[in-house]
Amino acid sequence: MEGMMFFHDLFPEIGIDETRTVTIVQGDSELPSDGYGFLELYCVDPRCDCRRVLFNVLAKRQAAHVATISHAFERPERGALEPRQTFLDPLNPQSRLSEPLLRLCQGTLLADPAYRARLERHYRMVKDTLADPGHRIHGIIADRGAARSTAPRAHADIDPYAPCPCGSGEKFKFCCRGKGR
């Protein structure tokens with residue numbers, strides 16, 4: 001088991017209903033009028049406790065992925081490789097809308113205590129079910145792994161001294177590369 005998976009793939013019975021969307025209408029926004037979905041991804045490595053969520057932000061009208069945002073549940077410790085709690089993930093696709101979407105995420109979504117609590121609950125659901133070897137989530141992850149097993153490794157060309165793509169704040173060499181991811 002490795003990598004990140006969409007929450008709605010792991011828990012389809014609640015995932016879509018609990019996915020946050022924001023609709024921008026004509027006005028003062030720096031974003032074009034559109035609906036933006038913030039799809040949550042969580043680490044499915046049972047040995048990892050990264051305490052973070054990635055958002056793939058999709059624009060409905062454009063039918064495009066427009067940002068990847070990383071958010072840690074706790075503020076990074078002083079001296080961490082990545083000092084920001086919420087940032088645009090440098091190892092994933094971004095667009096001209098990424099910066100305004102990051103500000104929207106920070107100023108609206110993550111400013112809502114109920115939404116932050118929901119994200120932490122989702123994270124805990126993933127980690128708790130990973131700890132249960134009999135849970136159906138393992139089949140979902142295995143099916144995804146089998147489908148991707150012939151695909152080239154996404155991180156094969158990452159500099160070992162670059163920050164790890166999982167967002168842990170450690171160097172890739174000492175984090176996920178060492179775990180075979």
Sequence-distant partners of [X], salt bridge (Lys or Arg N to Asp or Glu O under 4.0 Å), two or more places apart:
X	answer
Glu77	none
Arg84	Glu82
Arg124	Asp128
Arg78	none

Sidechain-backbone polar pair: [X] side chain, [Y] backbone, donor-acceptor under 3.5 Å:
X	Y	value
His65	Ser95	no
Arg61	Ser33	yes
Lys127	Cys43	yes

Value rounded to 0.5 Å, distance of [atom1] in [X] from [atom2] in [Y]:
X	Y	atom1	atom2	value
Leu10	Ile141	CG	CD1	5.5 Å
Leu109	Thr21	CG	OG1	9.5 Å
Phe7	Leu54	CZ	CG	15.0 Å
Glu18	His122	CD	NE2	3.5 Å
Thr19	Phe38	OG1	CZ	11.5 Å

Set of residues satisfying side-chain contact (heavy atoms from CB on, under 4.5 Å) with respect to [X], sequence neighbours excluded:
X	result
Pro83	none
Leu102	Ile69, Thr86, Leu88, Glu99, Gln106
Pro76	Ala80, Gln85
Gln62	Pro32, Asp34, Tyr36, Ala59, Ala64, Val66, Leu97

How would you list all residue pairs meeting side chain to side chain donor-acceptor pair (under 3.5 Å) that involve residues 108-118, not counting sequence neighbours?
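Counting only pairs at least two positions apart or across chains, the side chain to side chain donor-acceptor pair (under 3.5 Å) contacts touching residues 108-118 are Arg20-Asp112.
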
For residues 8-17, which residue pairs pass the side chain to side chain donor-acceptor pair (under 3.5 Å) check, not counting sequence neighbours?
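Every side chain to side chain donor-acceptor pair (under 3.5 Å) pair that includes a residue of residues 8-17, provided the two are not neighbours, is Glu13-Arg136.
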
Which residues pass the side chain to side chain donor-acceptor pair (under 3.5 Å) test with Asp49, not counting sequence neighbours?
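For Asp49, the residues satisfying side chain to side chain donor-acceptor pair (under 3.5 Å) (neighbours in sequence not counted) are Tyr123.
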
Output all residues satisfying side chain to side chain donor-acceptor pair (under 3.5 Å) with His135, sequence neighbours left out; order by chain, then residue number.
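Not a single residue meets the side chain to side chain donor-acceptor pair (under 3.5 Å) criterion with His135.
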
Closest heavy-atom pair and its distance - Tyr42, Arg52
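That would be CD2-O, 3.8 Å.
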
What pair of heavy atoms forms the shortest contact from Ala131 to Pro133, and how long is it?
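Taking every non-hydrogen atom into account, O-CD, 3.2 Å.
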
Evaluate Phe55 against Leu101 for side-chain contact (heavy atoms from CB on, under 4.5 Å), listing each step before the verdict.
CA-CA 11 Å; Phe55 299 105; Leu101 286 164; over 6 Å; no

Any heavy-atom pair between the side chains of Ile137 and Asp132 that's under 4.5 Å?
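Asp132 does not reach Ile137 side chain to side chain.
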
Ile16 with Leu41, same ILVMFWY side-chain cluster at under 4.5 Å:
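Not linked; separate clusters.
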
